[in-house]
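The next block holds one structure in the form of structure tokens; read it before the comments.
Both backbone and side-chain heavy atoms feed into the values below; hydrogens, waters and symmetry mates do not. Order of the sequence lines sets the chain letters (A, B, ...), proteins ahead of strands, with each chain counted from 1.
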Amino acid sequence: GNSVTQMEGPVTLSEEAFLTINCTYTATGYPSLFWYVQYPGEGLQLLLKATKADDKGSNKGFEATYRKETTSFHLEKGSVQVSDSAVYFCALSGSYSGGGADGLTFGKGTHLIIQP
Amino acid sequence: NAGVTQTPKFQVLKTGQSMTLQCAQDMNHEYMSWYRQDPGMGLRLIHYSVGAGITDQGEVPNGYNVSRSTTEDFPLRLLSAAPSQTSVYFCASSYGGARGRSANYGYTFGSGTRLTVV
């Protein structure tokens, strides 16, 4: 079956540091890949996505590139802010249907803490 | 505001009680799904639906029932609550149909229901 593995935290960085959160996946076919962010006490918000190999998703200074050869979708940001403190989830949508009809498979989440 | 609405936000149940978690979306999304979030486990899929009248089991379906009588609503039923069902529950919805629509838009999540079973 499908699975997602991401680095577990907490990850603690100073403001303006470079961020990388690793994510690798196992899936058949061609899944779509997502990063979601969860702020304390809230639901999940879609941060960025990529639907095919070599696509780069980007939003709010965050980027991730769909690497089929390494089955990875690492999240990066050049300069983090205190407001980026949250839990980040890597996820994929099922590939057999091609369109995510069978929901999402999530990693366990990475708690990011940015210190001033 | 358009989106996914979950009720209630908080609930405490006694072991053996039953209840229904409500989920409604007003975006005319075909796909809907339920997840539970537990510490250190990420989100795990309970049940999902690809349209009215069609549901299927996810990774952790035991103890939960669902139905989808309308496009808008996708309630989750706990028939006999157990302490192991203490969790935060999220409902999500997405466009369906052609591959590109669901993949391009991703899933929209509700704000969650925090359930405690004592």
For this session: Check whether B/Leu45 gets within reach of chain A through its side chain, its backbone, both or neither, counting any heavy atom under 4.5 Å.
Result: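 Just its side chain gets close to chain A.
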
For this session: Under 4.5 Å heavy-atom distance to chain A, tell me which part of B/Glu59 shows up: side chain, backbone, both or neither.
Result: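 Neither part; nothing is under 4.5 Å.
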
Exercise. Do any of residues 110-118 of chain B come closer than 4.5 Å to chain A, heavy atom to heavy atom, and if so which ones, in number order?
Worked result: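 Counting heavy atoms that sit under 4.5 Å from chain A, the residues of residues 110-118 of chain B involved are B/Gly110, B/Ser111.
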
Exercise. Between B/Pro8 and B/Met19, what is the shortest heavy-atom contact and its length?
Worked result: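 In this case the closest contact between B/Pro8 and B/Met19 is CD-CE, 4.1 Å.
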
For this session: Quick one: closest heavy-atom pair of B/Gln37 and B/Phe90, and the distance?
Result: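 Minimum heavy-atom separation between B/Gln37 and B/Phe90: OE1-CE1, 3.1 Å.
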
For this session: Heavy-atom pairs under 4.5 Å with chain B are the metric here; pick the option from A/Leu44, A/Leu33, A/Val87, A/Thr105 that has the most.
Result: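 Winner by heavy-atom pair count: A/Leu44.
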
Problem set entry | Pairing residues for B/Tyr89 by the ring-ring contact (aromatic ring centres under 6.0 Å, His included) criterion, not counting sequence neighbours |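 Checked B/Tyr89 against ring-ring contact (aromatic ring centres under 6.0 Å, His included); matches are B/Tyr64.
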
Problem set entry | Any pair counted as disulfide bond (SG atoms under 2.5 Å apart), so long as it reaches residues 10-68 of chain B, sequence neighbours left out |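 Matches after skipping sequence neighbours: B/Cys23-B/Cys91.
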
Pair [X] + [Y]: basic N to acidic O under 4.0 Å:
X       : Y       : answer
A/Asp54 : A/Lys52 : no
B/Arg68 : B/Asp73 : no
A/Lys77 : A/Glu63 : no

Problem set entry | Linked, directly or transitively: B/Leu13 and B/Trp34 (ILVMFWY side chains, under 4.5 Å) |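 B/Leu13 clusters together with B/Trp34.
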
Exercise. Can you tell me if B/Tyr35 uses its side chain to pair, donor with acceptor, with the backbone of B/Ala92 under 3.5 Å?
Worked result: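 Such a contact is absent between B/Tyr35 side chain and B/Ala92 backbone.
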
For this session: Using a heavy-atom cutoff of under 4.5 Å, enumerate the residues of residues 107-116 of chain A that contact chain B, numbered in order, or state 'none'.
Result: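 Within residues 107-116 of chain A, the residues that come under 4.5 Å of chain B (heavy atoms only) are A/Gly107, A/Lys108.
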
Problem set entry | ring-ring contact (aromatic ring centres under 6.0 Å, His included) between A/Phe34 and A/Phe89, intermediate numbers included | CA-CA 8 Å; A/Phe34 305 89; A/Phe89 292 94; over 10 Å; no

